[in-house]
Amino acid sequence: MNKRNTSSSRPLVIVESPNKVSTISKILGDGFTVKASYGHFADIPAKRGSIDTAKNFTATYVLSKKGQEIIDMLRDELATASELILATDGDREGEMIAFLLVEFLQPTVPVSRIVFNSITRIEVLAALDDRKQIRPTLVEAARTRRYLDYLYGFSVSPVLWSKVRGNLGAGRVQSPALRMVVEREKERLAFVETTYCGIEATLAIDAQVVATLRTIDTVPVAKSDDIDDAGSVAPPAQLLLLPDAQQLAAALQETSLTVANSKTEAYSRKPRRPYTTSDLLQDIYSRLKIGASLAQVVMNQLHEKGLISYPRTDSPALSGVAMAAARQQAIEMFGATCVPDKPRLYFPKRKSAQEAHEAIRPSNLSLRHPKGLSAQQAAVYDMVWRRTVASQMVNTTGTTVTVTLHANTTHPEHWCVLTASGTTIVEPGHRRLYSTPEDEEPTPLAEFTVGDVYAVSAVEVKEHVTRPPARYTEASLIRALEAQEIGRPSTYAPIIQSLRDEYVWSKRGDQALIPTLTGVAVQQFLAECFPSLIDYTFTREMEEELDSIVEGTATLVDMLSKFYSRGDGHWPGLVSVIDDVEKSYKPADHDVLVIGVHPETGDPIVLKPGRSFAGKKSVRGTRSRPSRTSGSPYIKCGSRNVAVPDNTELSQLTVEFALTLLNTPTEARIVGEHNGEEVSVKVGPYGPYATVGSRSVSLPADTDIATVSLADIQPLLTFPRSLGVDPVSGDEVFVKRGRYGIYVERAGDTRPVPAETDPTTVTLEVALELLARPKKARGKR
DNA sequence: CAGTGAGCGAGCTTCCGCTTGACTT
């Protein structure tokens, strides 16, 4: 419809995002057609064997369904175009997309590649005058990254299926992320709480000056920083305990404090850098308590409305235009002295082929309060606006005074040193617009004269208890991953989502990430069998090698054969490592956790991950299939097994907890009648089961015998069931429940009942239809 | 401390990194 290019053909410009199309169209005018590729439209297939590892790691990129439509659309546009200009993002992935566009479009017109880092008239037009070609080494690096991730994930995950449990995944990004969450949980478990005291003395003067006790006879009084998670105190500091503290406080009350030193220092704080994706996710969480997925959605919405720049970036850099606009806004609000002489420049941490975008900032800085936004959108926009403008303002400056006071106490006799400090802000600078809860309004303190003596008006003993390291939140985990350069801005939110599928959970109304028992089991397994794959430096080292490929000093085959087959000095190669694990790792010999020893039998009480099961398990239990008979993690003691919910905290797994589970339900409990027969439930050596008359029926492993009702289990009691006789063959047709779930059977021929079909509604017609299908179901896509 | 039900079929799961949709009210 919008084909007005009948008279003369125009260049076709392709960008990644449709959101860029209209802006760039406006800049380029009628002489160009601008279209979007919508990101990666092709990929190697997500199934086994997509990479031919025997043949120099060759693989074929295939269009996705949506990708096919996009390529068709672009091919139509190209048919009438005078030339093809590839304007995908200026990073490694963008180069790959440009390369794949050429591969799939097979253009017959001239092709060139342009790169601009921000969509401004100057940059876009300059890029058009600086035509380049696709860089083959950059494409090779992108391809290597893609293949390595595939080889890692699709080789290690199957080992999890055979050694831990089915349906689990491992990968270069998710596995170190899981490691962080699990190790933090174990640090919390190993944490030893320490109680310690501090003493605060208030000086008897008009101003409220509170001095803190620092040393007793030159020995530093331990602060929280001096005490580690095991409760050890870093020398020379020593813990001040309550009885001593009270005695000393009483003695201090009787003494006076002499000023030994008064020091004045300049105080200066730079503004925070403009937002990267990770910074903004972190800040949205701490200010608005919104998790990563929703936060990313709100950021996207603001971007789609044209209000903020591209929301997935790891660069804090601002374009020259944006810096000038931010300075202008600051000057209008606070006058010319509120910005430094020159604009403040911010640089990405890692200068590489990876940063294609600038920081997240308002598209139009003169727009202070856009109309028509939801409360969340408005709040996020306001944060972005403040942080961007503040980033160009002068430092917050002032003076910090620290005064040192001496006291000699009697009963007990000690020489005590106390300090007090305070800061006076002279120039608020950037804090007028943006401050964090940590930069609390400082309390000022006047200077003191050495030798002056003050009486003490009050002495207070403050008792403190050390806190275990905090669990990660979505935002802090993302920050930790980013600090290790693991993962990319476009994947931060999805990573959290995929962890939540199996490996982590949170309590209601809380964002703290707690590992599931399955998550703990997988981390243990990976740490034992594949430690170098979950090393936090793995990705960084990968990136360095990819840089060598870009520079032309290494190749895809070098790097992948080293990783996968050939190995190097320290690493025997993934294939060989996996072979060893498959041969030598016996799950029965490995426990997730040794909980303790049974006080009477002396049998060890251990946690096991649970083995193969049919159907996917959800931690929240919304979709647990009734057919599942095993799979939940379980506690093992002697010959007894008892299931524990996957979302049990490690700290709950004590001997007492295990014993209550192991001891409680050995007796059958009658829950009602089914077809006139009494139904009772019980836990046996193979897990929970129901008895109906003389028949017994296994129940899902996480069934709680004490609370389960007849209604909960009644559907399971209907199997096996005769559906009638097949009118064609005359054979009786059954629906049965077996190890792998519900299935239908006719004369020894079987078909599984699909998970989405309610097995209680299976009729003869349904069964015959299933049996008519070919035996080997072809997996769709 | 320990004799606690019964057991028929085997296909599939998985990676990371780019992008936006589209069910309805």
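Order of the sequence lines sets the chain letters (A, B, ...), proteins ahead of strands, with each chain counted from 1. The basis for the numbers below is simple: all heavy atoms, side chains too, and nothing from hydrogens, waters or symmetry mates. All values reported here derive from a predicted model rather than from experimental measurement.
Between the CD1 atom of I534(A) and the P atom of dC16(B) there is a distance of 14 Å, given to the nearest Å.
Relative to the side chain of Y743(A), the nucleotides dG9(B), dT14(B), dC1(B) differ in distance, and dG9(B) lies closest.
A donor N or O paired with an acceptor N or O is found under 3.5 Å between the base of dC16(B) and the side-chain atoms of R145(A). Contact annotation: side chain of R312(A) to base of dC18(B), donor-acceptor pair absent below 3.5 Å.
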Problem - Test log, rule side chain to side chain donor-acceptor pair (under 3.5 Å), inputs E358(A) and S309(A) - result: CA-CA 8 Å; E358(A) 57 173 322; S309(A) 59; 5.4 Å; no
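The side chain to side chain contact (heavy atoms under 4.5 Å, CB included) test applied to S561(A) returns F57(A), S565(A), R566(A), not counting sequence neighbours. Among residues two or more places apart in sequence or in another chain, the side chain to side chain contact (heavy atoms under 4.5 Å, CB included) test is passed with S532(A) by W571(A).
Remark: aromatic rings of Y564(A) and Y147(A) are distant, center separation not under 6.0 Å.
Residue G169(A) is classed as a sugar-phosphate contact, given heavy-atom separations below 4.0 Å to backbone atoms only.
Applying the 5.5 angstrom centroid cut-off and the 30 degree plane-angle cut-off, the aromatic ring of Y689(A) is stacked upon the base of dG5(B). Put simply, W161(A) rests on the base of dT13(B): the two rings are less than 5.5 Å apart at their centres and nearly parallel, under 30°.
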Exercise for the section: Treat a base pair as Watson-Crick or G-U wobble with both distances under 3.5 Å, then lay out DNA chain B in dot-bracket form, 5' to 3', with | for cross-strand pairs. Expected result: .........................
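Between the side chains of T88(A) and R113(A), a donor-acceptor pair is found at a separation under 3.5 Å. Judged purely by distance below 3.5 Å, without hydrogens or angles, the side chains of E502(A) and T518(A) never pair a donor atom with an acceptor atom.
Judged by closest nucleotide on DNA chain B, A690(A) is the one of A690(A) and S155(A) placed further toward the 5' end.
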